[in-house]
Engineer: 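Once you've had a glance at the structure underneath, I'll fire off some questions.
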2 protein chains.
Amino acid sequence: MVQNARSKKTSSSQRREESLSREQIIEASIELLDSSGEEGLTFRALSERLATGPGAIYWHIANKSDLLTAACDAIIARTMNAPLASVTSGTPPQTTIRLLALAMFDAIDAHPWVGSALTHALGKSPMVRIVEHIGQQVQALGVPKKEHWITVSALLNYILGVAGRNAANGQLARTQGLVRSDFLKAVSTVWSQLDPKEYPFARSLAAQMRAHDDRKDFLAGIDLILRGISSPRRT
Amino acid sequence: MVQNARSKKTSSSQRREESLSREQIIEASIELLDSSGEEGLTFRALSERLATGPGAIYWHIANKSDLLTAACDAIIARTMNAPLASVTSGTPPQTTIRLLALAMFDAIDAHPWVGSALTHALGKSPMVRIVEHIGQQVQALGVPKKEHWITVSALLNYILGVAGRNAANGQLARTQGLVRSDFLKAVSTVWSQLDPKEYPFARSLAAQMRAHDDRKDFLAGIDLILRGISSPRRT
DNA sequence: ACCTGAACACCGTTCAAGT
DNA sequence: ACCTGAACACCGTTCAAGT
């Protein structure tokens with residue numbers, strides 16, 4: 001209360017001007033999520049950052065799930081529009097899909113919480129945006145209309161799988177105070193010590209796991225699926 | 001307190017015999033998760049079901065995350081072993097992979113919470129089991145050793161993506177009191193009303209979404225990836 | 001119309017005290 | 001060795017009361 005006493009200064013500096021807006025709340029949520037992860041986003045921390053009470057937020061936002069979806073949507077909207085800047089009408093759809101997928105990967109890498117937020121926003125706007133952008137390229141690829149759903153689903157599920165993994169990796173790494181590469185090294189070490197009778201394959205994979213590059217491997221998976229899409233059915 | 005008064009009856013019926021065991025706790029957790037979803041698993045509900053206090057559980061289990069992983073592992077262990085019963089040495093690896101993948105789908109369909117539990121148990125035993133079983137088939141497929149990691153990752157990420165989606169679908173459907181098919185119909189209706197200028201593709205997908213069959217489409221995605229695996233690289 | 005902040009009904013987890 | 005259950009430090013959400 002004391003620090004609010006100097007409110008005579010018309011409308012200059014760090015005091016909130018006019019009223020709280022949905023955009024302000026979402027932007028503050030993103031900052032909070034980026035700096036302290038999913039569990040760092042609480043209505044109390046958020047209202048403190050916005051210099052207001054917990055109840056005030058409920059005037060603009062329905063509930064926490066709504067808040068998370070909105071924050072996620074803000075990131076996805078930026079992510080889906082950015083890579084299209086370098087795309088011309090001559091760009092092959094495969095290239096555009098790779099660009100979109102990589103943009104998703106980088107966004108989730110920068111904001112791990114987006115990964116799990118996406119999972120919980122299935123019919124919602126973030127997902128619609130992604131489906132739209134990827135779908136248009138699948139269409140341009142000449143995939144028959146009947147297979148649109150299955151093809152987009154396959155790409156989307158793969159991307160969501162990676163997203164979820166990255167989100168979990170990020171959170172685990174944060175919890176244990178490790179960088180992600182160190183965390184993977186730790187897992188690799190555990191796997192290399194698995195019982196060779198029971199888990200021969202997982203054990204043999206430990207070395208590749210230690211050396212791998214998340215981003216490159218993600219793209220390799222996209223390429224694998226793209227190959228599957230353009231490969232004839234056998235049935 | 002009153003209902004425990006008749007404890008003279010030696011050791012016959014519904015009273016706990018001997019002491020609480022980790023297995024009992026995990027089994028009760030699975031029942032709770034199946035009947036009331038992820039948010040239904042609380043230490044209070046669990047301890048009530050086990051006729052004990054919340055603190056007692058901590059003697060056998062480290063924390064909630066440990067509990068969820070253990071419950072998930074119990075389901076995955078059953079899931080990965082069952083389909084192998086019908087596999088002989090002559091079964092082509094593709095067929096076995098399809099069987100394993102379908103077993104995963106069905107398990108997650110029956111226990112939606114497994115989907116999100118898997119995401120949070122990355123280096124842990126449930127994941128090791130899955131990697132081991134799928135990996136052995138990838139190896140049998142003749143995939144070069146250098147590509148083991150990427151190939152298994154692609155399959156796994158796809159499966160995890162579907163798993164996460166199913167988990168979220170199940171939870172949403174539960175929250176809104178809908179069966180899953182009704183929930184998809186509702187989403188499809190929303191999508192069919194999207195702005196055709198902004199979201200032409202997503203809009204055109206609504207019909208396919210309404211008609212689709214989760215399980216069949218899941219398998220179609222696996223087949224698509226399998227085609228990609230056996231299709232030559234272009235580099 | 002928008003905000004305040006106390007209050008409600010929960011959580012996971014701990015820990016002295018019991019047996 | 002194992003269990004009890006009160007207590008702690010949190011949550012999301014609501015709502016009368018304010019401006």
Side-chain angles (χ1 to χ4, degrees), chain A residues 1-5 7-8 11 14-26 28-29 32-33 36-71 113 116-117 120-121 171-172 174-175, chain B residues 1-5 7-8 11 14-26 28-29 32-33 36-71 113 116-117 120-121 171-172 174-175:
Chain A
M1 313 304 164
V2 179
Q3 69 270 27
N4 281 0
S7 53
K8 265 285 184 59
S11 64
Q14 61 253 58
R15 291 228 50 205
R16 219 168 50 234
E17 299 174 11
E18 308 191 338
S19 64
L20 207 55
S21 76
R22 198 178 148 90
E23 276 67 38
Q24 272 172 46
I25 297 174
I26 292 169
S29 301
L32 218 42
L33 286 161
S36 11
E38 283 188 72
E39 63 201 19
L41 179 64
T42 68
F43 280 80
R44 280 166 183 82
L46 188 57
S47 62
E48 196 181 346
R49 199 184 196 93
L50 292 165
T52 179
I57 296 167
Y58 280 88
W59 185 262
H60 303 272
I61 257 106
N63 50 42
K64 192 170 181 179
S65 160
D66 182 32
L67 181 57
L68 250 172
T69 302
W113 52 272
S116 63
H120 296 287
Q171 205 193 339
L172 270 178
R174 176 196 307 281
T175 305
Chain B
M1 315 304 167
V2 179
Q3 69 271 28
N4 281 359
S7 53
K8 266 286 184 59
S11 65
Q14 62 253 56
R15 291 229 50 205
R16 221 171 46 235
E17 298 173 11
E18 308 192 337
S19 65
L20 209 54
S21 76
R22 197 178 150 90
E23 276 68 36
Q24 274 172 46
I25 296 175
I26 292 169
S29 300
L32 218 44
L33 286 161
S36 12
E38 283 188 72
E39 63 201 18
L41 179 64
T42 67
F43 279 80
R44 280 166 183 83
L46 188 56
S47 61
E48 196 181 346
R49 199 183 195 92
L50 292 165
T52 180
I57 295 166
Y58 280 88
W59 185 262
H60 303 272
I61 257 104
N63 51 43
K64 191 169 182 179
S65 158
D66 182 31
L67 182 57
L68 250 172
T69 302
W113 52 272
S116 62
H120 296 287
Q171 204 193 340
L172 269 177
R174 176 196 307 281
T175 305

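Per chain, numbering begins at 1; letters A, B, ... match sequence-line order.
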Engineer: Could you grab the distance from atom CG of A:L32 to atom CH2 of A:W113, nearest 0.5 Å is fine?
Structural biologist: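 Result: 10.5 Å between the selected atoms.
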Engineer: A:H60 NE2 to C:dA1 C1': how many Å, rounded?
Structural biologist: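 The distance from NE2 of A:H60 to C1' of C:dA1 comes to 10 Å, rounded to the nearest Å.
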Engineer: To the nearest 0.5 Å, what is the distance between CD (B:E48) and OG1 (B:T42)?
Structural biologist: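 Separation between the atoms: 9.0 Å.
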Engineer: I'd like to know if the side chain of A:S36 reaches the main chain of A:L33, judged simply by a donor and an acceptor atom lying under 3.5 Å from each other, with no hydrogens or angles considered.
Structural biologist: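 No: the side chain of A:S36 does not pair with the backbone of A:L33.
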Engineer: When the distance from CD1 of A:I61 to P of C:dC3 is rounded to whole Å, what number comes out?
Structural biologist: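 My rounded result for the distance is 11 Å.
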Engineer: Quick one: does A:H60's side chain have a donor or acceptor within less than 3.5 Å of a partner on A:L20's backbone?
Structural biologist: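 The answer is yes, because a donor-acceptor pair under 3.5 Å joins these two groups.
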Engineer: Please round to the nearest 0.5 Å and tell me the distance separating atom CD1 of B:I57 and atom OG of B:S47.
Structural biologist: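 The CD1 atom of B:I57 sits 5.0 Å away from the OG atom of B:S47.
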Engineer: Just to be sure I understand the rule, does A:L41 reach a base, reach only the sugar-phosphate, or reach nothing, if contact means heavy atoms closer than 4.0 Å?
Structural biologist: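 The residue A:L41 makes sugar-phosphate contact but no base contact.
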Engineer: State the CD1-OG1 distance between B:I26 and B:T69, to the nearest 0.5 angstrom.
Structural biologist: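 Between B:I26 CD1 and B:T69 OG1, I get 10.0 Å after rounding to 0.5 Å.
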Engineer: Supply the atom-to-atom distance A:F43 CZ to A:I25 CD1, rounded to the nearest 0.5 angstrom.
Structural biologist: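 These two atoms lie 9.0 Å from each other.
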Engineer: May I ask you to evaluate whether B:W59 reaches the phosphate of D:dC2, defined as a side-chain N or O under 4.0 Å from OP1 or OP2?
Structural biologist: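 B:W59 to D:dC2 OP1/OP2: side-chain N or O found under 4.0 Å.
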Engineer: For B:E48 and C:dG12, give me the distance from atom CD to atom P, rounded to whole Å.
Structural biologist: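 From B:E48 CD to C:dG12 P: 14 Å.
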Engineer: Quick test: give all pairs of protein nitrogen or oxygen and nucleotides 13-19 of chain C nitrogen or oxygen below 3.5 Å, distance rounded to 0.1 Å.
Structural biologist:
from	atom 1	to	atom 2	distance (Å)
C:dT13	OP2	B:Y58	OH	2.7
C:dT13	OP2	B:K64	N	2.9
C:dT13	O5'	B:Y58	OH	3.0

Engineer: Hunt down any stem DNA chain C takes part in, defined as 3 or more consecutive Watson-Crick or G-U pairs whose two distances are each under 3.5 Å.
Structural biologist: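 So far as stems of 3 or more pairs are concerned, DNA chain C shows C:4-8 with D:12-16, C:12-16 with D:4-8.
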Engineer: Rounded to the Å, how far apart are B:E39 CD and C:dC11 P?
Structural biologist: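 Between P of C:dC11 and CD of B:E39: 10 Å.
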Engineer: How long is the line joining CG of B:L68 and P of C:dG12, in whole Å?
Structural biologist: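 About 10 Å, once rounded to whole Å.
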Engineer: Please state how far atom CG in B:L46 lies from atom P in C:dG12, giving the value in whole angstrom units.
Structural biologist: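 Spelled out: CG on B:L46 to P on C:dG12 is 10 Å.
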Engineer: Can you tell me how far the CG atom of B:L50 sits from the OG atom of B:S21, to the nearest 0.5 Å?
Structural biologist: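 Going from CG on B:L50 over to OG on B:S21, the span is 9.0 Å.
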Engineer: Side chains of A:H120 and A:L68: does their closest heavy-atom pair fall under 4.5 Å?
Structural biologist: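 A:H120 does not reach A:L68 side chain to side chain.
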